[in-house]
Amino acid sequence: MVITARQEALVVSSWNEMKDDAPTYALKLYLRLFEIIPSAVKRFSFLRDSNVPLEKNAKLKAHAAGVFVMTCEAATQLRKTGRVNMGANTSMQHLGAIHFKAGIKDVHFEILKFALVETIKEGVPYMWSEELKEAWSESYDHLVAAIKAEM
């Protein structure tokens with residue numbers, strides 16, 4: 001299934017509402033993930049040996065913001081090309097290799113999707129609807145499928 005124009009518009013417009021405070025929402029996303037799966041912290045090489053509290057970890061904030069941006073961009077890419085592509089700095093093969101090496105399983109991707117949707121719901125409650133949830137979920141699912149294809 002390809003993302004619809006309406007789904008793309010919903011993802012982009014809700015992201016535009018949140019992006020000025022992206023670091024805060026990005027951090028909430030991963031803190032929510034770590035509440036659900038505390039052991040997930042160990043899957044991030046930049047967190048394993050860090051003494052920096054999670055809520056102050058710059059690398060975690062950057063990684064989390066990247067998930068939001070890639071999911072939003074996936075919606076636009078799907079509408080334009082019918083597939084998810086990465087920018088010049090990162091390739092799907094690279095993302096697949098990193099996730100494979102970290103031992104990421106389907107359940108991890110699903111829990112992150114739940115955390116993503118809950119974070120968006122909190123970030124734009126005045127825009128929240130089942131349609132918005134489905135739009136972000138669809139975009140995320142396509143991004144994950146592209147990563148998993150390279151794992």
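In what follows, every heavy atom counts, from backbone to side chain, and hydrogens, waters and symmetry copies are set aside.
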query = Hey, mind stepping through Arg32 and Glu122 against salt bridge (Lys or Arg N to Asp or Glu O under 4.0 Å) and telling me if it holds?
reply = CA-CA 12 Å; Arg32 195 169 262 133; Glu122 181 183 326; 2.9 Å; yes
message = Run Asp21 and Thr24 through side-chain hydrogen bond (donor to acceptor under 3.5 Å, both in side chains) and show every step you take.
response = CA-CA 6 Å; Asp21 204 12; Thr24 299; 2.8 Å; yes
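Distance check, rounded to the nearest 0.5 Å: CD of Glu73 to CG of Leu143 gives 9.5 Å. For the atom pair NZ (Lys121) and OG (Ser129), the distance works out to 11.0 Å, reported to the nearest 0.5 Å. The distance from atom CD of Glu55 to atom NZ of Lys28, rounded to the nearest 0.5 Å, is 13.0 Å. We find the OH-CG distance between Tyr30 and Leu54 to be 12.5 Å, quoted to the nearest 0.5 Å. How far CZ of Phe114 is from CG of Leu33: 11.0 Å, rounded to the nearest 0.5 Å. For the atom pair Leu132 CG and Glu130 CD, the distance stands at 9.5 Å (nearest 0.5 Å).
The hydrophobic clustering, which links ILVMFWY residues whose side-chain heavy atoms are closer than 4.5 Å, places Trp128 and Val12 apart.
Side-chain contact between His63 and Val67 is present, with at least one heavy-atom pair separated by less than 4.5 Å. Taking the side chain as every heavy atom from C-beta outward, Trp15 and Thr71 never approach each other to under 4.5 Å. Inter-residue side-chain proximity for Lys148 and Asp106 is flagged as met; some heavy-atom pair is nearer than 4.5 Å. Under the 4.5 Å side-chain criterion, counting only non-hydrogen atoms from C-beta, Leu29 is in contact with Leu112. Considering only heavy atoms from C-beta on, Thr4 comes within 4.5 Å of Gln7 through its side chain. Within the 4.5 Å cutoff, the side chain of Ile120 has no heavy atoms near those of the Tyr25 side chain. Put simply, the side chain of Asn57 reaches to within 4.5 Å of the side chain of Phe46, judged on heavy atoms.
When the shell of 6.0 Å around CZ of Arg6 is examined, it contains 12 or fewer heavy atoms from other residues, nucleotides or ligands. Under a cut-off of 6.0 angstrom, the local environment of NZ in Lys113 is crowded, with over 12 non-hydrogen atoms contributed by other residues, nucleotides or ligands.
Taking all atoms of both residues into account, the shortest heavy-atom contact from Leu27 to Lys61 is CD2-CE, 4.0 Å. Taking both residues in full, the closest heavy atoms of Val117 and Ser137 are given as CG2-OG, 3.7 Å, listed atom of the first, atom of the second, then distance. Scanning all heavy atoms of the two residues, the minimum distance from Ala64 to Ala26 falls at CB-O, 3.1 Å. Scanning all heavy atoms of the two residues, the minimum distance from Arg43 to His108 falls at NE-NE2, 3.5 Å. The shortest heavy-atom contact between Ala135 and Leu10 is CB-CB, 4.1 Å. For the pair Val124 and Glu17, the tightest heavy-atom approach, listed with the atom from each and the gap, is CG1-CB, 3.6 Å.
Although no hydrogens or angles enter the test, the distance criterion places a donor-acceptor pair under 3.5 Å between the side chain of Ser14 and the main chain of Val11. Distance alone, capped at 3.5 Å, is enough to place a donor-acceptor pair between the Tyr140 side chain and the Phe109 backbone.
You'll find the ring centres of Phe44 and Phe34 inside the 6.0 Å limit.
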